[in-house]
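Heads up, the thing below is written out as structure tokens.
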There are 2 protein chains.
Amino acid sequence: MIVKRDFLKSLPIFSALPDPILDKLTDRAEEFTYKNGEYIFYEGDPPDWLCIIREGNVKAVKYLEDGKEIILHVFMPGDIFGELAILDRRPYPASAQSMGHTKILKLHYTHCRDICENVPEVRMKLIQSMGEKQRGFVDRLETAMTTRVEKRIAHMLLKLAGASDSKGGTYINLHLTRKDIANMVGTTIETTIRIMSRLQKEGIIESTKTGITILRPDLLRERGGEHE
Amino acid sequence: MIVKRDFLKSLPIFSALPDPILDKLTDRAEEFTYKNGEYIFYEGDPPDWLCIIREGNVKAVKYLEDGKEIILHVFMPGDIFGELAILDRRPYPASAQSMGHTKILKLHYTHCRDICENVPEVRMKLIQSMGEKQRGFVDRLETAMTTRVEKRIAHMLLKLAGASDSKGGTYINLHLTRKDIANMVGTTIETTIRIMSRLQKEGIIESTKTGITILRPDLLRERGGEHE
DNA sequence: TGGGGGCAATGATATAAATCATATTCCTGG
DNA sequence: CCAGGAATATGATTTATATCATTGCCCCCA
């Protein structure tokens with residue numbers, strides 16, 4: 001399985017790994033495929049797996065008592081999630097749900113914990129990625145605390161365009177439904193549809209089946225930043 | 001300075017530290033005092049210090065372009081903040097501001113980084129505390145994404161009461177202004193005042209100069225949880 | 001000791017967004 | 001290839017909350 005090995009090697013976290021250890025890791029990494037809407041794990045599950053996205057996208061979701069869904073984060077190909085599993089052994093704080101068809105590499109925590117203990121570079125990378133995540137949450141909170149919904153959506157779109165690898169951060173290579181967007185910014189589907197339609201009519205964004213293009217990042221930033 | 005040493009020893013993170021290392025650390029820990037509103041550090045500062053609260057409270061704040069303040073977190077006595085300084089060396093993502101009079105112990109990152117490298121127990125504790133923080137953010141986001149302001153406030157009060165060490169989690173030992181509360185849940189001062197007054201009139205909470213008592217946690221939970 | 005600035009309180013009004021209601025289109029799985 | 005559920009769209013109505021405006025209080029310090 002040369003391809004799997006190369007994929008692991010290509011990840012920043014494992015790039016410094018000596019070959020023999022990498023081989024063993026490759027051996028132990030199990031690949032799974034998921035269909036749209038399937039869960040990789042549920043909130044509260046014992047955190048036994050560290051997951052890496054090979055293909056597709058995964059959303060971290062949480063459900064309120066009234067059934068309302070909150071999307072905490074959208075993971076991209078190459079992203080690692082569930083890394084708390086290795087570091088602190090408490091239950092997953094959210095569920096991980098497949099968006100469309102995905103391929104996920106899973107590593108059992110016992111395997112990578114050893115590596116993490118023994119290879120300082122891997123440990124460092126993992127800690128750095130936790131730091132990244134924390135900064136991501138700060139940003140996420142900033143979005144969520146903004147009152148006007150249009151601002152929240154604008155902020156979120158710009159952020160996603162930056163994260164999704166694309167020419168100049170203007171294309172969001174993701175199939176997001178209006179419901180997804182609503183659950184990311186904490187509003188209703190109807191409001192999201194109205195605002196997205198307005199942004200589209202004004203020529204600021206273009207929304208297709210495959211993704212969203214930000215035609216005028218400048219104007220969108222204005223929407224996201226100013227106090228009207 | 002026996003007292004300072006004992007204080008450090010009393011912290012979970014340093015409790016496993018061998019005596020000689022603890023002594024050295026005690027020596028290197030500098031104590032500072034801050035008045036209400038003073039900043040311990042600013043967003044964007046180089047993250048040179050790990051801070052521990054000896055007395056008082058500190059809020060982690062961020063400012064939007066329009067000057068609006070967002071309170072990300074309120075730290076309690078014994079809490080550690082700025083720990084990203086040791087782990088990943090990127091600028092602080094938020095400012096730390098003193099609430100009332102505080103005493104802060106500061107450790108330069110070079111000093112504790114060595115300890116962190118060499119004493120696995122300390123490293124573990126630190127990573128665990130990062131995990132805690134991440135879970136805290138998830139919870140924070142959950143609050144922020146709730147639409148009704150009353151729910152958000154109820155959720156936040158219950159959370160604070162749990163964090164603040166008090167008999168049965170019904171007393172918030174903190175001087176929060178209505179503005180603080182507004183900035184924690186992302187609303188205006190007026191709306192906060194109205195909702196807090198209502199909750200007080202209904203006998204659910206009691207607000208005094210020194211803190212807030214939750215008289216009816218059950219009713220508050222209802223407010224925070226139900227869909228009206 | 002007296003003023004002044006921050007904080008709480010409250011009313012009136014405007015408005016953004018939730019809610020309710022219905023179509024229409026679009027996929028997708030059988 | 002068809003049916004039916006999901007997603008998009010749009011209108012009407014209600015409601016929560018932002019916004020504007022004013023007042024009084026308290027406490028801090030000059």
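Order of the sequence lines sets the chain letters (A, B, ...), proteins ahead of strands, with each chain counted from 1. Keep in mind that the numbers below use all heavy atoms, side chains included, and drop hydrogens, waters and symmetry copies.
Note: CD1 (A:Ile195) to P (D:dT8) measures 15 Å, nearest angstrom. Separating the CD1 atom of A:Ile181 from the P atom of D:dA7 is a distance of 12 Å, rounded to the nearest angstrom. Rounded to whole angstrom, the span from the CZ atom of A:Arg152 across to the P atom of D:dT17 amounts to 12 Å. Straight-line distance from the NZ atom of B:Lys68 to the C1' atom of D:dT19: 14 Å, rounded to whole Å. For the pair A:Met145 CE and D:dT17 P, the interatomic distance rounds to 15 Å; values are reported in whole Å. The CG-C1' distance, from A:Asn183 to D:dA7, rounds to 13 Å in whole Å.
B:Lys209 comes within contact range of the sugar-phosphate backbone alone, with a heavy-atom separation under 4.0 Å but no base atom that close.
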Margin query: Protein within reach of the bases, or only the backbone? For nucleotides 7-12 of chain C, mark each nucleotide 5' to 3' as B, S or -, using heavy atoms under 4.0 Å.
Written below: -BBBBB
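Judged by distance alone, the side chain of B:Asn183 and the main-chain N or O of B:Asp180 form no donor-acceptor pair under 3.5 Å. A donor-acceptor contact shorter than 3.5 Å is absent between the side chain of B:Thr191 and the backbone of B:Thr187. Looking only at distances, a side-chain donor or acceptor of A:Gln97 sits under 3.5 Å from a matching main-chain atom of A:Gly37. Remark: side-chain polar atoms of A:Asp88 are paired, donor with acceptor, to backbone N or O of A:Arg90 under 3.5 angstrom.
A sub-4.0 Å separation between OP1 or OP2 of C:dA18 and a side-chain N or O of A:Thr188 is present. Listed pair B:Thr191 / D:dA16 fails the phosphate criterion, with no side-chain N or O lying under 4.0 Å from OP1 or OP2. The phosphate of D:dA18 has OP1 or OP2 within less than 4.0 Å of a side-chain N or O from B:Thr187.
Remark: B:Lys106 qualifies as a cation-pi partner of B:Phe32 under the 6.0 Å distance and 45° angle criteria applied to the six-membered ring. Judged by the 6.0 Å distance and 45° axis criteria, B:Arg140 is not positioned over the aromatic ring of A:Phe137.
Between A:Ser207 and A:Arg178, the side chains place a donor N or O and an acceptor N or O closer than 3.5 Å (distance only, hydrogens not considered).
Between A:His73 and A:Phe75, the distance separating the two ring centers is shorter than 6.0 angstrom.
Environment of NZ in B:Lys68: crowded, with over 12 heavy atoms of neighbouring residues, nucleotides or ligands closer than 6.0 Å.
Where the helix from C:dT1-D:dA30 to C:dG30-D:dC1 starts and where it ends, the local axes point in directions that differ by 50°; five pairs per end, rounded to 10°.
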